[in-house]
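One structure below.
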Amino acid sequence: MKQEEVAGCGGGHDSPGLALDEARARILEAVAPLAETERLPLPEALHRVLAEPVTAGVDVPAHTNSAMDGYALRAADIPDKGTKLRLIGDSFAGHPFDGRVDVGQCVRIMTGAVLPAGADAVVMQERTEADGETVVFHDAPKPGSNVREAGEDLARGDTVLSPGHWLRPADLGVLASVGTAEVAVHRRPRVAFFSTGDELQPVGTALDAGEIHDSNRYTIRAMLEELGVTLVDLGIVRDTTEALEAAFDAAAGCDAIISSGGVSVGAADYVLEVLRQRGDVGFWQVNIKPGRPLAFGRVGDAHFFGLPGNPVSVMVTFLQMVRPALVKLSGGRPAPPLRVRLPLAGPIRKKPGRAEFQRARLVDGGTAVEPLGHQGSGVLRSMSAADCFVFLEADTGDVAAGEEVPVEPFAQPVWNG
Ligand code: AMP
Ligand code: MG
């Protein structure tokens, strides 16, 4: 019955489902960055996505300055080590020397202080000896030695950062260095999420026979929090079409909706049916393990992600397909998965057919990867113990210890691709 309901939308009982790359491409094609923007003071802009380019309002460095504590001088005045020059003043950061360095003269200078007129080089203090107004130089500098030119990092008018850039701590520093006090960023997406299942109870509630704690809503919430979206928690939704319809109604005004469970072919799985009635099914089923019964579509103006119920499947499908979609919705550029090849510390058993994300741990200082034991899609502890996925293509079979496999560390960058 469920198979007929989704005929023509990419899945069915016997269909292997879409290849992961195809599924991800179709999702990203369907998602457009949110057009609305807001202006934020710089300190509030961390982990937001720039909506407009930022150009430098000043040169960085603002003035030609010293890279060392030492003496500013004319390089031509020190043809040989041991030359002596006359000290005529000081240039400190924020307190420039207001004279000129002429032949045979030098000025004591601190790191970041303005290079005085006439000088073209700095000799570091450690290579000198001062005696009253005379300084002996044990280095023969070249013009430009230990000098940072005005505008050498960024010139006034240069583009500092482009739209779509996810702002990290270094970016805020760079923006401050060019005098930017406010930035235009995309508004945060509003993302509704709920769990489906008659067996589910929230934490803090004792379990009756057959009941389990709802864990998916906590992992989904946490993964959403890491993306900085606005959360709309719709709680636990019972396995009826009416309850699902009410959840979709409650999500009105959101930019994305994420459910877990009820999207497979069981007798109590109603998500696809309600999605078809209330919205559009883009596709159903992706050829990955765990995580095959994923539904993607639309409900009103919101993108809809119907994640499987099994807790590991939830995390795999979220990380592989929902996260890039939310990065793009947020105005960012989703980075393609980072896959490094590492030798296996133990063998892996796999049947050719579906692409697999096996939970694993980096070992030997990150030079090898060790698969974890229990790979069932319900064993959430395997995710908790893992720090990476071993990714095995659909047509891969058993892999012997020592062979190299593609590994996706969890801590990979997901923005700025
Ligand atoms: P379903 O696809 O709804 O049949 O769910 C598949 C499996 O995942 C079943 O064992 C469910 O009990 C379990 N499951 C579904 N939703 C959750 C949830 N929110 N938290 C923990 N386990 C769940
Ligand atoms: Mg269920």
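Along the sequence shown, residues carry numbers from 1. Computed from a predicted structure; not experimentally measured. Remember, it's 1-based here, ligands and their atoms both numbered in the order they're listed.
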Do NZ/NE/NH1/NH2 and the carboxylate oxygens of Arg39 and Glu182 come within less than 4.0 Å?
yes

From the options Val263, Ile220, Asn216, select the one residue that forms a side-chain contact (heavy atoms from CB on, under 4.5 Å) with Leu307.
Ile220

My understanding is that we take every heavy atom of each candidate and find the minimum distance to atom 1 (P) of ligand 1. Doing that for Ser195, Ser264, Gly262, Gly306, which one comes out nearest?
Gly262

So which of Asn310, Ile220, Asp198 gets nearest to atom 6 (C) of ligand 1, if we judge by its closest heavy atom?
Asn310

Using a 3.5 Å cut-off and no angle test, enumerate the donor-acceptor pairs between side-chain atoms of residues 122-130 and protein atoms at least two apart in sequence or in another chain.
{"unit_1": "Arg127", "atom_1": "NE", "unit_2": "Asp139", "atom_2": "OD1", "d": "3.3"}
{"unit_1": "Arg127", "atom_1": "NH2", "unit_2": "His138", "atom_2": "O", "d": "3.2"}
{"unit_1": "Thr128", "atom_1": "OG1", "unit_2": "Gln125", "atom_2": "O", "d": "2.6"}
{"unit_1": "Glu129", "atom_1": "OE2", "unit_2": "His138", "atom_2": "NE2", "d": "2.6"}

When you measure from [atom] to every protein heavy atom, which one gives the shortest distance, and what is it?
atom: atom 15 (C) of ligand 1; answer: Gly309 O, 3.4 Å
atom: atom 4 (O) of ligand 1; answer: Asp269 OD1, 4.0 Å
atom: atom 20 (N) of ligand 1; answer: Ser215 N, 3.0 Å
atom: atom 9 (C) of ligand 1; answer: Glu199 OE2, 4.3 Å

Within less than 4.0 angstrom of ligand 1, does Pro308 place any heavy atom?
no

So is Arg217 touching ligand 1 or not, going by heavy atoms under 4.0 Å?
no

Can the ring centroids of Phe296 and Phe304 be said to lie less than 6.0 angstrom from one another?
no

Do Phe97 and Val114 pass the side chain to side chain contact (heavy atoms under 4.5 Å, CB included) test, and can you show the C-alpha distance, the side-chain angles, and the key distance before you say yes or no?
CA-CA 8 Å; Phe97 175 73; Val114 176; over 6 Å; no

Checking Thr37 now: which residues fulfil side chain to side chain contact (heavy atoms under 4.5 Å, CB included) with it, not counting sequence neighbours?
Ala51

Atom indices of ligand 1, in the order listed, that fall short of 4.0 Å to a heavy atom of His213:
20 (N), 21 (C)

